[in-house]
Amino acid sequence: MNYSIFGLMFVFNRIQSFLDAYWLYLVLPLTYFFVARMLGFDGVYGQDAYEYMRFSESLKSFITTGTNPGAFNWPIGYPLAVSTLDFIINNTFISGQLVSILALTGIGIVSQKFIELLHPNNERTSKLYVVVFVLASPYLMRFALTAMSETLCSFFIILTFYYFYLASKKANLNYLTGVFLFAGLSIMTRNAAVVIVFIPCLVAGIYLLKKPNIGLGILCLLIFGIIISPTFFGETSQFFGDNANFSDLFRVKNFFTLSSSGSHGYYTVTLPNIIYCFYAFIHPLYIFPGVTFIIIMVYKKIKAPKVLLLSLLLYSIFIGSIFFQNKRFLVLEIALVSVIYFPAFQLLINRKFKKLVHRYWLILLLLSTNLSFGIYTSAKSYNFQQFDKYISQKMIPYQNNKLYTFWIDVALKGRGLSFDYVNLWEKEITAFETGSFVLFNVKKFSYQWQDHAVMKNWNFLKANYELELVNELKNGWQLMKIRSPKSSL
């Protein structure tokens, strides 16, 4: 009995110590979560989030009943985490959002420990810095509220680098097991992470070869191999989906072009990839004020940790070589970039804000600015999700019919609507079923998909069938019913 009491006291003291040190890292993300839930935002919108939730439910069913979870196009790390937490929460959407929120807490904790490892005796400053530039980073806030994999992957990535530098600073190769453990977990959460963690894994492998430790080397290899093994069994994970043409994806011209075409349709951007791929360093929605920190570091000749900087540059080159732009890809860099910028921030407040009251005003200004940016960009996710809910609500009366559509079908399925779905993207259709429904947005798809099956199917349908407008919906969406073939067909 005494041992039980001692054990409970030990656990309680450890929890109390953790909360004393990191309570703000838990409270701020949970505040995001509860405010979002109060506003009706569940973190699921677009396409990817619904697919993550679908497979999370399938994995949970597999764990409990052994039912084959089926195919999944991405790494299983995030849905596995969601399905595990869902055994406690029993609501997949809430579990998906909570995994991202708790990952943000983890990112904050590790970021502070990482900064203190590189720059000792700065606990107070590093804590304030992490709150302002990591926990309140606009894009980290936005994606911590979504049921997608970016935040969890970022957590594993920063752990990879933390353990790499911990092994170096402590001169203890045993910490390299953490490098391979968390590198594997990051890759199994998002495949793109392999580019960021490649250099620390390579250097760690060289360390092990220089100072031969067969047991440790085998252990690291086993840890890494076991974690990434799901990639080689069952349905192959694919970073860009089933229809990716890698000869189009990775080209030097993609750094400079403003438009492209291919299986993804026609795609145009405002700024070339050569600028976009460095957004995590300079864009205020990733880190504000990043440009100021760069100027300080260059002017004062502050050196960044080499492996960390080279890894980020390699990832930036990788992102720039892809024909399309997706700001989600850059979220993986935010915490690492923040670690690099810390000495610039420290120099700024020590030189220009010597009075304590001035420092607090600066912190308050920066925090308010980042939170404002975070609310601004998170509102976009909120509006996307509200539209998904709106369309789903409008489509309820027409269920149990065949529905020809594109893009929105994933949301309708994810919201539980029952249709016999036909995706207009998959192939060219030569005969449509009369009495069926069509949900389409000509304005949204006419340019990007003009030479693709999407618009070819729509043009064929419009030219050869009588269509009845059933409901004029928001944002250019129309619900139509296929009445009969035109007489000329």
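Not measured: the values here are computed from a predicted model. All residue numbers in this chain count up from 1 along the given sequence.
- For S56, the side chain to side chain contact (heavy atoms under 4.5 Å, CB included) partners at least two apart in sequence or on another chain are M53, P79, V82, T92.
- With sequence neighbours excluded, the residues forming a side chain to side chain contact (heavy atoms under 4.5 Å, CB included) with L28 are Y32, V131, L135, listed by chain and number.
- If you look at Y341 and F133, their ring centroids are not closer than 6.0 Å.
- Counted by atom type alone, Y25 and Q112 present one or more donor-acceptor pairs between their side chains at under 3.5 Å.
- Note on ring orientation: taking the six-membered ring where Trp is involved, the planes of Y382 and F41 are tilted (angle from 30° to 60°).
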Worksheet item: side-chain contact (heavy atoms from CB on, under 4.5 Å) between N122 and Q346: does it pass, once the steps are laid out?
Response: CA-CA 9 Å; N122 284 290; Q346 188 179 34; 2.3 Å; yes
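- Counting only N and O atoms by type, the side chains of R142 and S378 include no donor and acceptor under 3.5 Å apart.
- Atoms OH and CG, on Y78 and D48 in that order, are 11.0 Å from each other to the nearest 0.5 Å.
- Between F318 and F198 the shortest side-chain heavy-atom distance does not fall below 4.5 Å.
- Nearest heavy-atom pair, P29 versus T105, reported as atom, atom and distance to 0.1 Å: CG-OG1, 3.4 Å.
- To the nearest 0.5 Å, atoms CD1 (I206) and SG (C201) are separated by 11.5 Å.
- In terms of heavy atoms, I107 sits closest to A335 at CG2-CB, 3.7 Å.
- Within the 4.5 Å cutoff, side-chain heavy atoms of L308 are placed close to those of V339.
- When all heavy atoms of A193 and S186 are compared, the pair lying nearest together is CB-O, 3.6 Å.
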Worksheet item: Would I196 and F161 satisfy side-chain contact (heavy atoms from CB on, under 4.5 Å), going step by step from the backbone distance to the final call?
Response: CA-CA 10 Å; I196 300 183; F161 283 90; 3.6 Å; yes
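- From N73, atom CG reaches atom CZ of F55 across 10.5 Å, with rounding to the nearest 0.5 Å.
- Distance check, rounded to the nearest 0.5 Å: SG of C277 to CD of E333 gives 8.5 Å.
- A ring-centre distance under 6.0 Å is not found for F387 and F384.
- In this structure, F293 and F281 have side chains that are not in contact, with every pair of non-hydrogen atoms separated by 4.5 Å or more.
- Annotation: side chain of N254 is not in contact with side chain of I322 (no heavy-atom distance under 4.5 Å).
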Practice prompt. Determine, stepwise, if the pair S259 / Y266 fulfils side chain to side chain donor-acceptor pair (under 3.5 Å).
Written response: CA-CA 7 Å; S259 62; Y266 285 89; over 6 Å; no
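- F87 carries K60 over the face of its six-membered ring, with the cationic atom under 6.0 Å from the centre and within 45° of the normal.
- At distances below 3.5 Å, not a single donor-acceptor pair connects side-chain atoms of S61 with backbone N or O atoms of S58.
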Worksheet item: Yes or no on side-chain contact (heavy atoms from CB on, under 4.5 Å) for V44 and R415, after CA distance, side-chain angles and deciding distance?
Response: CA-CA 10 Å; V44 185; R415 297 283 167 185; 4.2 Å; yes
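- Counting only heavy atoms from C-beta outward, the side chains of S311 and V307 approach each other to under 4.5 Å.
- In this structure, a donor-acceptor pair under 3.5 Å is present between the side chains of N423 and D409.
- Remark: F255 CZ is packed, more than 12 non-hydrogen atoms of other residues, nucleotides or ligands lying under 6.0 Å away.
- Here the side chains of P230 and M188 are in contact, with some heavy-atom distance below 4.5 Å.
- With ring centers used as reference points, W74 lies under 6.0 Å from F72.
- A pairwise comparison of heavy atoms in S100 and T146 identifies OG-O, 2.8 Å as the closest pair.
- With F182 as the fixed residue, the ring pair (Phe, Tyr, Trp, His ring centres under 6.0 Å) test singles out one of Y175, F155, Y163: Y163.
- Atoms CG and CD1, from L221 and I226 in turn, are 9.5 Å apart once rounded to the nearest 0.5 Å.
- The aromatic rings of Y165 and F114 sit tilted, their planes meeting at an angle between 30° and 60°.
- A donor-acceptor contact shorter than 3.5 Å is absent between the side chain of T257 and the backbone of K253.
- Put simply, the side chain of T189 never gets that close to the backbone of C153: no donor and acceptor are under 3.5 Å apart.
- Between the side chain of S316 and the backbone N or O of L312 there is at least one donor-acceptor pair closer than 3.5 Å.
- Between L314 and L310, the closest side-chain pair of non-hydrogen atoms is not below 4.5 Å.
- Residue L145 holds its CG atom at 11.0 Å from CG of L140, rounded to the nearest 0.5 Å.
- Under a 4.0 Å N-O distance rule, the pair E51/R54 qualifies as a salt bridge.
- There is no side-chain donor-acceptor pair under 3.5 Å between Y45 and N383.
- Side-chain rings of W449 and F406 approach one another, their centers coming within less than 6.0 Å.
- Of all the heavy atoms in P75 and N191, the pair that sits closest is CG-OD1, 3.1 Å.
- Within a 6.0 Å sphere centred on CG of N172, other residues, nucleotides and ligands contribute more than 12 heavy atoms.
- Looking only at distances, no side-chain donor or acceptor of D388 sits under 3.5 Å from a matching main-chain atom of A411.
- The two residues F93 and G414 make their nearest non-hydrogen contact at CZ-O, 3.8 Å.
- Listed for the E116 side chain is no donor-acceptor partner under 3.5 Å among the backbone atoms of K113.
- Residue-environment remark: CG (L271) exceeds the threshold of 12 foreign heavy atoms within 6.0 Å.
- Under a 3.5 Å cut-off, the side chain of S137 and the backbone N or O of Y286 do form a donor-acceptor pair.
- Y276 places a side-chain N or O within donor-acceptor distance of the main-chain N or O of N326, the cut-off being under 3.5 Å.
- Proximity of N273 to I319: side-chain heavy atoms (C-beta onward) are nowhere separated by under 4.5 Å.
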Fill in: Residue pair V130, S338: steps toward the side-chain contact (heavy atoms from CB on, under 4.5 Å) verdict
CA-CA 8 Å; V130 167; S338 298; over 6 Å; no
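- Without hydrogens or angle criteria, T160 side chain to F156 main chain gives a donor-acceptor distance under 3.5 Å.
- Using modelled atom types and a 3.5 Å distance limit, the side chains of Q97 and D42 yield no donor-acceptor pair.
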